[in-house]
2 protein chains.
Amino acid sequence: MAASKLARGSGVALWRQIAAELEAEISDRHFPPGGRLPTEHELAERFGVNRHTLRRAVAALEEKGLVRIEQGRGTFVQGGTIDYAVGKRTRFSENIRRQAREPSGRLVRSGRFAADGDVARGLGLRRGTQVILLETVGMADEVPISLGSHYFPARRFPGLIDAFTQTGSISAALSEAGVEDYWRKSTRVTARLPHDNETELLEMPRTRPLLICDSVNVDQDGDPIEFGRGRFVADRVQISLESL
Amino acid sequence: MAASKLARGSGVALWRQIAAELEAEISDRHFPPGGRLPTEHELAERFGVNRHTLRRAVAALEEKGLVRIEQGRGTFVQGGTIDYAVGKRTRFSENIRRQAREPSGRLVRSGRFAADGDVARGLGLRRGTQVILLETVGMADEVPISLGSHYFPARRFPGLIDAFTQTGSISAALSEAGVEDYWRKSTRVTARLPHDNETELLEMPRTRPLLICDSVNVDQDGDPIEFGRGRFVADRVQISLESL
DNA sequence: ACGTATTTGTTCGTATGTATC
DNA sequence: GGATACATACGAACAAATACG
């Protein structure tokens, strides 16, 4: 790896360049999660800068929550990203627990709306048809992972919001409405930068990308019962499509 | 075009009326997908409002995903994005042609390297084992879509680079090496911002995210023959996992 | 490598209308 | 009516990213 990607006097402070490079290497898993970074001395030598300069870069990474600094021990790459398995049957809690993390969630919005573009298309409804929205933030070990918007045909699930607030679970609420089982019909993945309200709810920097995962769930008869749009903090989760 | 469709003091905020008008014109293809909207200054003048008011309208369109705003460049109509279908058998050219676009590609790098982290893990090799790398830029209608790094075990495919430069196709090159068919065993999707060389090769802004798609392909016996890392420009493509 | 023009992004301040208590 | 909060709209200036010669 070239040690001298640094552009001195380029208008970008050296520590910013170093921080960006280190961040990229962490994101690349060149420095794996949980692992220790080289010592400050080693890194300073590699980049050809003073240790003060390097410390400024690492401090920036710590502020972003990418690394954890322990005096006398070293600098460690923060929390392994979650491997979120998307399959025919995808449940948030199971997924998080499989990663040996503690799942939790909270409802941030709910209500009845008129379906438009993607929602109407996903559920196979005409634009303007009423749908129920449940919007939740999913967390692992109290760290926000995802913001999920779940849309259901209002005609078929009139009491869904109450059922959800009582059970705290979407699958349980659907079960009360007579849907024993359901599975994923299609999945579409994109990426974009977060909006302001998303950065707040997900406690993330404005500069880091989101992974958007749209899905349609159908019941036993193949009728669409849910259109879901999950927004995952790309730095904290990766989506895995193992053996669908 | 009527400049004064705006009804001031009608109970509907000006910015909402402007957003609706612009949305109609986008849907009309008056502003075609991929094209640039007039500047904020021009639009503000056309509607006879302050730039703030216009910006509020355009922000609403961005939130809906109809346009994409790039500082210093302009506002671009979103859409015409490629739906890249990932399945058991995923071939770039077929995928692009299915979208009624003309696929092309070029080799940007190739060589022999020692496998490290993800590559070694994906191919089930020990770290340090030699692998062949083929790195290509994939384009649709001459617009760069993806940057793909394809790693193969060097021991099994010693002449792969020559075969590829002759045929220009990975599947054809593998076929020459005796691999009749192969399919995808696993897929992992993440997102991050691009590195500098990626922005150059993909002709994209530094501020827009990449969709990273890691995959492992296996042959008839289930042996890994390729580890691939595709980097897709998130604004130009979405990944679809229909009916795996 | 550098300056200039263009375009979007941000932050002041000010004023007005509307809904609520 | 009065007080308050909030969304809307306008104006000016500057910051930041980009494009171009």
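Each chain gets a letter, A, B and so on, in the order the sequences are listed, and its residues count up from 1. Both backbone and side-chain heavy atoms feed into the values below; hydrogens, waters and symmetry mates do not.
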Return no unless some side-chain N or O of Arg8(B) is found under 4.0 Å from OP1 or OP2 of dC10(D). yes
Value in whole Å for how far the P atom of dG11(D) lies from CD of Glu45(B): 12 Å
Pairs in or reaching into residues 186-195 of chain A: which pass salt bridge (Lys or Arg N to Asp or Glu O under 4.0 Å), with residues at least two apart or in two chains? Arg188(A)-Asp214(A), Arg192(A)-Glu198(A)
Round to the nearest Å and state the distance from Leu14(B) atom CG to dT8(D) atom P. 10 Å
For dT8(C) and Thr75(B) - does any side-chain N or O of the residue sit under 4.0 Å from the phosphate oxygens OP1/OP2? yes
Whole Å only: how far is the CD atom of Glu203(B) from the P atom of dT18(D)? 15 Å
What's the CZ-P distance between Arg73(B) and dG9(C), to the nearest Å? 13 Å
Nearest-Å distance, CZ (Phe76(B)) to C1' (dT18(D))? 10 Å
Are side-chain heavy atoms of Glu40(A) and Arg55(A) found at a separation under 4.5 Å? yes
Indicate, yes or no, whether a donor-acceptor pair under 3.5 Å links the base of dT11(C) to the side chain of His52(B). yes
Gln71(B) CD to dA19(D) C1': how many Å, rounded? 14 Å
Nearest-angstrom distance from the residue atom CZ of Arg51(B) to P of dC12(C): 16 Å
With a 4.5 Å heavy-atom cut-off, do Ile225(A) and Arg156(A) have their side chains touching? yes
Taking only side-chain nitrogens and oxygens of Asn50(B), does any of them come within less than 4.0 Å of OP1 or OP2 of dA9(D)? no
Give a yes/no on whether any side-chain N or O of Arg56(B) is located under 4.0 angstrom from OP1 or OP2 of dA9(D). no
Does some side-chain heavy atom of Leu133(B) sit less than 4.5 Å from a side-chain heavy atom of Ser149(B)? yes
Leu193(A) CG to dA17(D) P, in whole Å, measures 14 Å
I'd like to know if the side chain of Thr165(A) reaches the main chain of Ile161(A), judged simply by a donor and an acceptor atom lying under 3.5 Å from each other, with no hydrogens or angles considered. yes
side-chain N/O Thr39(B) vs dT6(C) OP1/OP2, d < 4.0 Å: no
